[in-house]
Amino acid sequence: MVEIKRTSKELDKVTIYRMTLDNAITSCKDLTDGTEITVTAWLEYDDTKDNGKVETVFSILASDGHVYACTSKTFARNVMDISDVMDGDDFTIVKNSGTSKAGKNFIYASLKY
């Protein structure tokens with residue numbers, strides 16, 4: 001079951017499906033560092049698995065129609081922060097990754113300028 005928590009703008013049902021349940025969604029962690037994505041919309045949702053576990057997922061709709069998603073809180077926070085400043089305008093992010101001091105891999109987004 002999917003429960004939408006918040007979105008960058010109003011989305012129609014087809015777009016919501018594409019951003020939450022579609023099999024064509026690409027995982028952000030699988031993208032090469034330096035990949036650029038022009039963001040037209042984003043949404044955050046809770047996905048309840050069959051075993052009852054709830055996972056928060058962040059999904060992006062790109063200007064070329066592709067959808068990307070991840071569970072990275074850092075990546076989601078980066079995109080939402082940029083989105084707040086851009087105030088409804090489309091913007092381009094660059095996906096990158098790093099390793100924490102504890103040795104854990106993570107992904108993050110930066111504004112392309």
Side-chain angles (χ1 to χ4, degrees):
M1 182 175 84
V2 170
E3 180 183 333
I4 307 299
K5 294 173 69 174
R6 53 188 158 172
T7 64
S8 60
K9 61 183 177 183
E10 191 169 329
L11 302 168
D12 62 43
K13 292 176 184 177
V14 171
T15 303
I16 290 171
Y17 175 83
R18 291 188 60 231
M19 294 178 74
T20 57
L21 299 169
D22 194 38
N23 289 325
I25 297 171
T26 300
S27 176
C28 294
K29 70 179 181 193
D30 294 337
L31 297 172
T32 305
D33 282 357
T35 298
E36 297 180 4
I37 303 168
T38 300
V39 179
T40 61
W42 59 262
L43 67 79
E44 186 177 48
Y45 65 97
D46 285 338
D47 183 14
T48 304
K49 304 295 183 187
D50 291 338
N51 64 4
K53 181 181 177 191
V54 178
E55 185 172 57
T56 299
V57 181
F58 184 75
S59 185
I60 294 171
L61 176 64
S63 62
D64 63 4
H66 284 87
V67 176
Y68 303 92
C70 67
T71 57
S72 168
K73 292 178 182 180
T74 301
F75 189 91
R77 184 178 58 250
N78 295 155
V79 174
M80 288 188 282
D81 287 348
I82 295 166
S83 180
D84 285 346
V85 173
M86 300 308 286
D87 195 30
D89 293 342
D90 291 357
F91 55 92
T92 301
I93 59 168
V94 179
K95 179 268 179 184
N96 281 299
S97 61
T99 305
S100 71
K101 292 178 185 177
K104 184 176 177 183
N105 294 329
F106 66 95
I107 62 172
Y108 63 95
S110 301
L111 179 64
K112 179 185 177 197
Y113 53 92

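Residue numbers count from 1 along this sequence.
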Please name the pair of heavy atoms, one in Ile82 and one in Ser110, separated by the smallest distance, quoted to 0.1 Å. CD1-C, 4.0 Å
Note: Ala109 and Phe75 closest approach over all heavy atoms is CB-CE1, 3.6 Å
Can any side-chain N or O of Lys9 pair as donor or acceptor with the backbone N or O of Thr40 at less than 3.5 Å? yes
Is there side-chain contact between Trp42 and Arg6, with at least one heavy-atom pair below 4.5 Å? yes
Can you measure from NZ (Lys5) to CG (Asp46) and round to the nearest 0.5 angstrom? 4.5 Å
Distance check, rounded to the nearest 0.5 Å: Arg77 atom CZ versus Glu44 atom CD? 11.5 Å
Do Leu43 and Val39 sit in the same hydrophobic cluster, where Ile, Leu, Val, Met, Phe, Trp and Tyr count as joined when their side-chain heavy atoms come under 4.5 Å apart? no
CG/Asn96 to CD1/Ile107 distance, rounded to the nearest 0.5 angstrom? 10.0 Å
Flag yes if Ile16 and Leu21 sit in one hydrophobic cluster, no otherwise; membership is Ile, Leu, Val, Met, Phe, Trp, Tyr, and two members link when side-chain heavy atoms are under 4.5 Å apart. yes
Taking every non-hydrogen atom, the tightest pair across Ala62 and Tyr68: CB-CE1, 3.9 Å
Nearest-0.5 Å distance that lies between atom OG1 in Thr7 and atom CG in Leu61: 12.0 Å
Gap between atom OG1 of Thr38 and atom CZ of Phe91 - 0.5 Å precision: 9.5 Å
Under 3.5 Å: donor-acceptor pair, side chain of Asp12, backbone of Thr15: yes
I want to check something: taking the side chain as every heavy atom from C-beta on, are Thr48 and Glu3 in contact at a cut-off of under 4.5 Å? no
For the hydrophobic clusters of this structure (ILVMFWY residues joined by side-chain heavy atoms under 4.5 Å, transitively), does one cluster hold both Met86 and Ile37? yes
CD of Glu55 to OG1 of Thr71, rounded to nearest 0.5 Å, is 5.0 Å
Please say which of Ile60, Leu31, Val67 ends up in a side-chain contact (heavy atoms from CB on, under 4.5 Å) with Thr26. Leu31
Hydrophobic cluster identity match, Val2 and Ile25, side-chain contacts under 4.5 Å: yes
Distance-only, no hydrogens or angles: does the Ser83 side chain make a donor-acceptor pair with backbone N or O of Val79 under 3.5 Å? no
Inspect the surroundings of CG in Asp87 and state if more than 12 heavy atoms from other residues, nucleotides or ligands are less than 6.0 Å away. no
Are any side-chain N or O atoms of Ser59 and backbone N or O atoms of Ala69, one a donor and one an acceptor, separated by less than 3.5 Å? no
Does the side chain to side chain contact (heavy atoms under 4.5 Å, CB included) test come out yes or no for Ile4 and Thr20, once each step is laid out? CA-CA 9 Å; Ile4 307 299; Thr20 57; 4.0 Å; yes
Among Asp33, Thr35, Asn78, find the residue that satisfies the side-chain hydrogen bond (donor to acceptor under 3.5 Å, both in side chains) test when tested with Lys95. Asp33
Are the side chain of Arg18 and the backbone N or O of Gly65 linked by a donor-acceptor pair below 3.5 Å? yes
Say whether Met19 and Phe58 are linked into one hydrophobic cluster, either directly or through other cluster members, by side-chain heavy-atom distances under 4.5 angstrom. no
